[in-house]
Amino acid sequence: MARTREFDEEKVLDAAMQLFWEKGYEATSISDLTTRMGIQRPSIYSAFGDKKELFETALRKYTMSRASDVRARLQSHSSVKEAFLTFFEHVVAEEYAVDRSRGCFCINTMVELAPHDEKFEILTREHQMYLAVIFQETIERGIQSGELEADIDARSLSQALILSLIGLTVMLKSRPQQAFVDNAIKATLALLK
């Protein structure tokens with residue numbers, strides 16, 4: 001008869017995600033994971049597989065949650081320009097509000113693992129493309145409402161904004177001057193005409 005798990009799988013997965021997000025894949029040991037998750041090695045292996053499988057599960061949890069959050073934030077404003085401005089300002093405020101910038105878990109993975117691991121190259125690229133679709137839908141809403149010019153190439157503009165978002169998120173890890181960041185966001189969002 002199979003034993004029932006004596007821990008909340010979502011809760012321990014969230015703990016693993018937070019640890020991987022803070023330290024990265026390579027710097028996180030199994031001992032770190034057992035301590036943070038509050039479960040023993042056999043339970044980790046039984047529930048999630050090896051460290052790499054656990055990392056992938058944590059990354060997938062993050063990207064699903066992040067995409068849902070991005071969509072909600074962009075849909076929460078009737079003005080598309082205001083939605084993007086508020087979104088980018090939130091990204092910046094979130095990073096400056098903590099003592100040590102963690103950046104984006106997916107982008108951190110893109111930098112750490114994607115160049116050396118095809119699975120993570122694909123997973124991080126899929127997330128970027130999914131966010132680009134969310135951005136494109138938002139831009140198309142602005143075109144349909146007349147807020148944005150009808151001749152805007154929504155697909156290309158969404159990709160440019162994703163590229164800017166990724167660059168911004170990486171740069172925020174080094175705590176640039178706020179004025180530098182604000183000016184860059186203002187120039188980037190001027191593309192929404």
Side-chain angles (χ1 to χ4, degrees), residues 10 13-14 17-18 21 56-98 101-115 118-193:
E10 284 302 309
L13 178 59
D14 190 59
M17 182 185 75
Q18 296 299 326
W21 192 355
E56 180 183 344
T57 303
L59 179 62
R60 287 181 186 277
K61 176 183 172 87
Y62 173 86
T63 57
M64 287 177 59
S65 173
R66 181 70 177 147
S68 177
D69 180 61
V70 169
R71 182 180 297 280
R73 286 184 181 282
L74 290 176
Q75 289 178 347
S76 68
H77 298 275
S78 57
S79 165
V80 167
K81 290 179 181 180
E82 184 180 325
F84 277 110
L85 177 60
T86 303
F87 171 75
F88 275 86
E89 287 176 341
H90 173 77
V91 169
V92 173
E94 202 171 46
E95 287 303 308
Y96 280 110
V98 294
S101 175
R102 294 187 301 171
C104 167
F105 182 28
C106 186
I107 294 171
N108 295 347
T109 302
M110 181 181 67
V111 172
E112 180 185 12
L113 296 178
E118 184 178 10
K119 177 181 274 189
F120 292 105
E121 174 190 338
I122 292 167
L123 286 174
T124 57
R125 186 179 334 115
E126 285 174 350
H127 181 62
Q128 294 160 31
M129 294 302 101
Y130 187 67
L131 292 182
V133 167
I134 294 170
F135 278 25
Q136 181 176 338
E137 290 170 355
T138 305
I139 293 165
E140 288 169 348
R141 179 168 53 96
I143 294 169
Q144 290 169 359
S145 73
E147 181 183 2
L148 302 179
E149 293 181 8
D151 64 346
I152 286 179
D153 180 344
R155 184 170 186 257
S156 295
L157 181 53
S158 70
Q159 291 169 352
L161 292 175
I162 288 296
L163 191 62
S164 296
L165 176 63
I166 291 169
L168 172 66
T169 305
V170 172
M171 184 173 230
L172 286 172
K173 291 174 78 74
S174 69
R175 303 281 187 171
Q177 291 183 340
Q178 184 78 44
F180 182 95
V181 173
D182 293 343
N183 289 337
I185 290 172
K186 184 178 177 183
T188 299
L189 295 183
L191 296 170
L192 295 166
K193 51 186 179 157

Discussion item. If the condition is side chain to side chain donor-acceptor pair (under 3.5 Å), which residues does E10 pass it with, not counting sequence neighbours?
Written reply: K61
Worksheet, complete the sentence: ring pair (Phe, Tyr, Trp, His ring centres under 6.0 Å) filter on F87, not counting sequence neighbours, yields F135
Discussion item. Using side-chain heavy atoms (C-beta onward) and a distance below 4.5 Å, is I143 in contact with E149?
Written reply: no
Fill in: Non-neighbouring partners of R73 that pass side chain to side chain donor-acceptor pair (under 3.5 Å), sequence neighbours left out
D69, H90
Worksheet entry | Results of side chain to side chain contact (heavy atoms under 4.5 Å, CB included) for E140 - residues two or more places apart only | Q136, A154
Discussion item. Restricting to side chain to side chain contact (heavy atoms under 4.5 Å, CB included), what partner residues turn up for Q144, sequence neighbours left out?
Written reply: none
Fill in: Side chain W21, main chain G103, donor-acceptor under 3.5 Å
yes
Worksheet, complete the sentence: Quick note, ring-ring contact (aromatic ring centres under 6.0 Å, His included) partners involving residues 153-193, not counting sequence neighbours, are none
Worksheet, complete the sentence: Quick note, side-chain hydrogen bond (donor to acceptor under 3.5 Å, both in side chains) partners involving residues 154-163, not counting sequence neighbours, are D153-S156
Residues 161-173 side chain polar contacts: donor-acceptor under 3.5 Å, at least two apart:
unit_1: S164; atom_1: OG; unit_2: A160; atom_2: O; d: 3.1
unit_1: T169; atom_1: OG1; unit_2: L165; atom_2: O; d: 2.7
unit_1: K173; atom_1: NZ; unit_2: R102; atom_2: O; d: 3.1

Determine all donor-acceptor pairs shorter than 3.5 Å in which one atom belongs to a side chain in residues 185-193; sequence neighbours excluded.
unit_1: T188; atom_1: OG1; unit_2: A184; atom_2: O; d: 2.9

Worksheet, complete the sentence: Sorted by chain and residue number, the side chain to side chain donor-acceptor pair (under 3.5 Å) partners of Q178 (sequence neighbours excluded) come out as D182
Worksheet, complete the sentence: Sorted by chain and number, sequence neighbours left out, side chain to side chain donor-acceptor pair (under 3.5 Å) with Y62 holds for none
Item to complete: Using a strict 4.0 Å threshold on nitrogen-to-oxygen distance, state whether E147 and K81 make a salt bridge.
Response: no
Worksheet item: Taking atom CG of L113 and atom CD of E121, what is their separation to the nearest 0.5 Å?
Response: 11.5 Å
Worksheet item: With F120, which residues qualify under ring pair (Phe, Tyr, Trp, His ring centres under 6.0 Å), at least two apart?
Response: F55
